[in-house]
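The structure appears below as structure tokens.
Letters A, B, ... mirror the listed sequences (proteins, then strands); counts begin at 1. Just so we're clear, the structure is a prediction, and the values are computed from it rather than from any experiment.
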There are 2 protein chains.
Amino acid sequence: MTVTLADVAARAQVSPATVSRVLNGNYPVAAATRERVLRAVDELDYVLNGPASALAAATSDLVGILVNDIADPFFGIMAGAIQGEIGGPGGRAGGERLAVVCNTGGSPERELTYLTLLQRQRAAAVVLTGGAVEDAPHAAAVAAKLRKLADAGTRVVLCGRPPAPDTDAVALTFDNRGGARALTAHLLGLGHRRLGYIAGPVERTTTRHRLEGHRAALAAAGVEEDPRWTVYGRYDRQSGYEATLELLRRDPSLTAIVAANDSVALGACAALRESGRRIPEDVSVAGFDDLPFSIDAVPSLTTVRLPLAEAGARAGRIAMGREEPPPGGIASVRGELMVRGSTGVPRAS
Amino acid sequence: MTVTLADVAARAQVSPATVSRVLNGNYPVAAATRERVLRAVDELDYVLNGPASALAAATSDLVGILVNDIADPFFGIMAGAIQGEIGGPGGRAGGERLAVVCNTGGSPERELTYLTLLQRQRAAAVVLTGGAVEDAPHAAAVAAKLRKLADAGTRVVLCGRPPAPDTDAVALTFDNRGGARALTAHLLGLGHRRLGYIAGPVERTTTRHRLEGHRAALAAAGVEEDPRWTVYGRYDRQSGYEATLELLRRDPSLTAIVAANDSVALGACAALRESGRRIPEDVSVAGFDDLPFSIDAVPSLTTVRLPLAEAGARAGRIAMGREEPPPGGIASVRGELMVRGSTGVPRAS
DNA sequence: CACCTTGTAGAAAGCGCTTGCTACACCGGA
DNA sequence: TCCGGTGTAGCAAGCGCTTTCTACAAGGTG
């Protein structure tokens with residue numbers, strides 16, 4: 001059998017209650033007694049029974065982190081930063097929490113199921129990252145879940161995700177619109193007038209916001225947009241590759257391609273190169289996020305840097321109650337335009 | 001208050017035991033009764049109390065996945081694949097498990113702490129990914145933990161990690177040595193004789209194995225190695241950048257650089273380019289892993305493809321008991337040499 | 001010296017669920 | 001009619017911990 005609290009108590013010649021108190025450090029215990037207990041714990045190699053403890057205390061030390069795609073560094077970086085603050089190991093004494101990353105794969109059902117699972121585990125906090133799915137019933141279901149979680153005492157934080165109305169979830173949103181607008185404005189400033197846009201999945205808020213920013217910039221500059229210039233895809237490299245070929249087929253005279261994110265931009269570069277076009281002499285390319293590899297693209301990628309790690313860390317701290325939530329529970333995190341080699345003045349047409 | 005089993009039982013006019021049995025589906029319950037219970041569950045919006053359930057049943061539905069760096073796609077891809085098989089949501093009915101990814105940051109202490117945390121939660125299975133740290137005391141501590149976990153009924157699987165002796169953990173190892181050897185042999189075949197090697201952190205098994213493979217290839221070709229040609233670093237881009245500068249300083253006549261992994265190789269490319277060298281005309285570069293972005297490097301990266309997703313999926317299935325472990329509990333997974341544009345014949349010196 | 005603090009430790013009542021065992025119908029066969 | 005299945009459901013005993021309440025000793029105070 002495994003060692004229990006009672007075994008430790010017997011060995012240390014104290015009551016189980018005392019052992020529990022020593023372990024939790026939330027009650028005065030005489031130094032000598034504590035010593036004895038700790039020695040017994042050590043000798044017996046005792047490990048607390050998490051479920052039992054959670055049941056009795058009606059709280060758990062689990063913190064859930066939901067991500068759309070764990071293989072995507074965008075989420076990996078945020079998750080890492082969040083987890084770093086949650087502490088898990090390495091955190092401040094006693095407050096050892098198990099930060100768990102759940103991969104929804106962008107599927108609404110999985111998202112809900114994971115939330116239920118976390119609710120079932122009575123998680124201490126939940127952090128949802130990345131764009132939400134814009135499906136009314138699903139959004140409502142998620143909001144209801146979040147409300148229920150909050151009611152049960154779980155702290156809910158959204159990181160890089162739009163606020164959830166009717167929920168007291170704290171939201172740290174990325175200013176996707178603003179970033180996209182600045183990016184496209186940069187391109188327009190260089191003289192581009194025929195810009196292709198490779199969007200992400202239609203139903204994602206991130207997709208919509210970035211596209212809106214792009215269009216706002218066009219509108220502000222008085223550039224009329226051709227509907228053929230927008231293609232929807234996924235947030236991965238291959239999607240960028242395919243979408244670019246499609247874009248070129250529709251209008252070979254495009255002088256710039258704005259991608260939904262850096263991975264997509266990389267795919268776009270590959271497609272352009274294969275079609276014999278030079279970057280940026282023939283076509284400029286821009287991404288979004290500024291993931292680590294973007295600077296190593298050739299030419300290096302013009303993009304919008306999102307402070308993924310910083311935002312994640314902050315979300316983590318808020319989830320742990322170690323930092324005040326922003327006023328109103330909502331904060332917008334701005335991106336920074338990184339102008340690099342992949343964008344330049346358009347070729348004289 | 002939250003809804004409990006008893007509330008559901010009252011509502012459905014049955015005993016708590018019956019409700020439990022309906023929910024777990026491990027005992028015959030009359031269809032009509034089941035119906036009634038399920039309706040009550042639905043109406044009350046009941047969510048099982050995980051800790052209580054785990055305590056009573058002495059098992060939990062948690063599965064832990066330990067990774068060295070969650071922001072690194074190498075781990076992200078594996079973790080995603082493992083999680084996909086673990087099921088979490090989307091898995092087969094009833095078997096809903098919470099697959100949790102824990103980020104050790106490559107720190108031995110964190111690794112141990114996470115293992116303890118998982119042991120505390122009475123995890124159903126644990127998958128450790130990536131290279132282990134080669135520190136005798138630490139290795140022993142981990143082995144002891146793994147043994148204890150196994151004793152407690154937790155299935156332990158190592159994925160992309162060398163077998164742990166004296167442990168009945170199933171191991172799916174990557175053939176780093178063989179892959180590295182093939183890679184360097186390729187370079188030697190092209191005519192290179194002066195090859196720089198950028199290794200990972202010294203204490204990692206992965207680092208050692210890849211380096212050994214590299215040296216084995218050199219030895220087999222009768223090429224004498226200069227100690228100055230090896231530099232140790234981290235597994236990230238910046239490390240590759242810095243190490244390359246160091247390598248060039250030590251010996252500007254190198255005609256090829258073999259990197260510990262693709263990220264490092266990317267950093268190496270950047271450094272070479274900045275120093276005015278062309279790839280592969282002046283210097284060939286090779287990576288390892290074949291992460292998604294490697295094919296988009298310019299020129300695209302010669303590397304060794306590791307079947308990350310496949311291995312992860314297999315590890316996940318084994319962890320779930322849905323696939324037989326390999327004979328002897330150990331399987332070696334081979335990499336595949338991907339020859340691409342970043343390697344070529346050396347310049348005529 | 002009685003009395004109240006203060007500091008420590010134990011007794012015991014759960015926390016919400018699972019499950020072995022028991023109980024009760026109801027059925028067909030003897 | 002009696003009896004041994006067979007199919008369902010309930011009882012109740014925990015699972016291993018936390019925490020309230022109580023107990024007691026020691027020390028200070030009037």
Side-chain angles (χ1 to χ4, degrees), chain A residues 1-38 40-41 44-62 94 96 117 119-124 152-153, chain B residues 1-38 40-41 44-62 94 96 117 119-124 152-153:
Chain A
M1 250 338 265
T2 56
V3 184
T4 73
L5 237 209
D7 299 331
V8 176
R11 171 124 198 171
Q13 314 218 52
V14 296
S15 74
T18 302
V19 178
S20 167
R21 300 204 256 243
V22 168
L23 262 25
N24 289 298
N26 52 9
Y27 194 87
V29 172
T33 316
R34 182 197 334 285
E35 275 301 295
R36 209 144 26 92
V37 169
L38 290 179
V41 165
L44 294 179
D45 220 356
Y46 171 68
V47 175
L48 192 67
N49 182 316
S53 159
L55 171 57
T59 62
S60 103
D61 47 8
L62 221 65
E96 283 191 349
L117 241 32
Q119 181 184 5
R120 173 177 305 182
Q121 299 298 331
R122 307 298 190 254
Chain B
M1 252 335 269
T2 56
V3 184
T4 73
L5 238 210
D7 299 330
V8 176
R11 172 124 198 170
Q13 315 219 51
V14 295
S15 74
T18 302
V19 177
S20 167
R21 301 204 255 245
V22 168
L23 261 25
N24 289 299
N26 51 10
Y27 194 86
V29 173
T33 317
R34 185 201 326 288
E35 275 301 298
R36 208 144 27 92
V37 170
L38 290 179
V41 165
L44 294 179
D45 220 356
Y46 171 68
V47 175
L48 192 66
N49 182 316
S53 161
L55 171 58
T59 63
S60 101
D61 48 7
L62 261 176
E96 283 192 347
L117 242 34
Q119 181 184 4
R120 174 177 303 183
Q121 300 298 330
R122 306 299 189 253

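- Both Ala52(A) and Ser15(B) sit near DNA chain D, but only Ser15(B) has its closest nucleotide nearer the 5' end.
- When distances are taken from the side chain of Leu48(B) to each of dC15(C), dC17(C), dC17(D), the shortest belongs to dC17(C).
- Summarising the geometry, the separation between CG on Leu23(A) and P on dT19(D) is reported as 13 Å, rounded to the nearest angstrom.
- Within the 4.5 Å cutoff, no side-chain heavy atoms of Gln13(B) are placed close to those of Thr18(B).
- Atom-to-atom, OH of Tyr46(A) to P of dG16(D) comes out at 10 Å; the value is rounded to the nearest Å.
- Distance from the side chain of Thr33(B) is smallest for dA9(D) among the nucleotides dC17(D), dC11(D), dA9(D).
- Atom CG in Asn24(B) sits about 12 Å away from atom P in dG20(C), given to the nearest Å.
- Counting distance only, with no hydrogens placed and no angle test, the side-chain atoms of Arg21(B) and the base atoms of dG20(C) include a donor-acceptor pair under 3.5 Å.
- Looking at every heavy atom in both residues, Asp7(A) comes nearest to Thr2(A) through OD2-O, 4.0 Å.
- Residue Asn26(B) is in sugar-phosphate contact alone, with no base atom involved, counting any heavy-atom pair closer than 4.0 Å across all strands shown.
- Residue Arg122(A) contributes atom CZ, which lies 18 Å from atom P of dT18(D) at whole-angstrom precision.
- For dT18(C), one of the phosphate oxygens OP1 or OP2 lies less than 4.0 angstrom from a side-chain nitrogen or oxygen of Ser53(B).
- Between Asp61(B) and Gln121(A) the shortest heavy-atom distance is OD1-NE2, 3.3 Å.
- In terms of position along DNA chain C, the nucleotide closest to Val29(A) lies nearer the 5' end than the nucleotide closest to the other residue of the pair Val29(A) and Val19(B).
- Protein atom CG of Leu55(A) is 12 Å distant from nucleotide atom P of dT19(D), rounded to whole Å.
- The backbone N or O of Val47(B) lies less than 3.5 Å from no partner atom in the side chain of Arg120(A), so there is not a single donor-acceptor pair.
- One interatomic measurement links the two molecules: CZ of Arg36(B) to P of dT8(D), which rounds to 13 Å at whole-angstrom precision.
- No contact: Ala58(A) has no heavy atom under 4.0 Å from any strand.
- Residue Asn49(B) contributes atom CG, which lies 5 Å from atom P of dC17(C) at whole-angstrom precision.
- Side-chain contact check for Val8(A) versus Val3(A): some heavy-atom pair is nearer than 4.5 Å.
- Taking the nucleotide of DNA chain D with the nearest heavy atom to each of Tyr27(B) and Ala57(B), the more 5' of the two is matched to Tyr27(B).
- Atom C1' of nucleotide dT18(D) and atom CG of Leu5(A) are separated by 9 Å, given to the nearest angstrom.
- The side chain of Thr18(A) lies closest to dA9(C), out of dC17(D), dC17(C), dA9(C).
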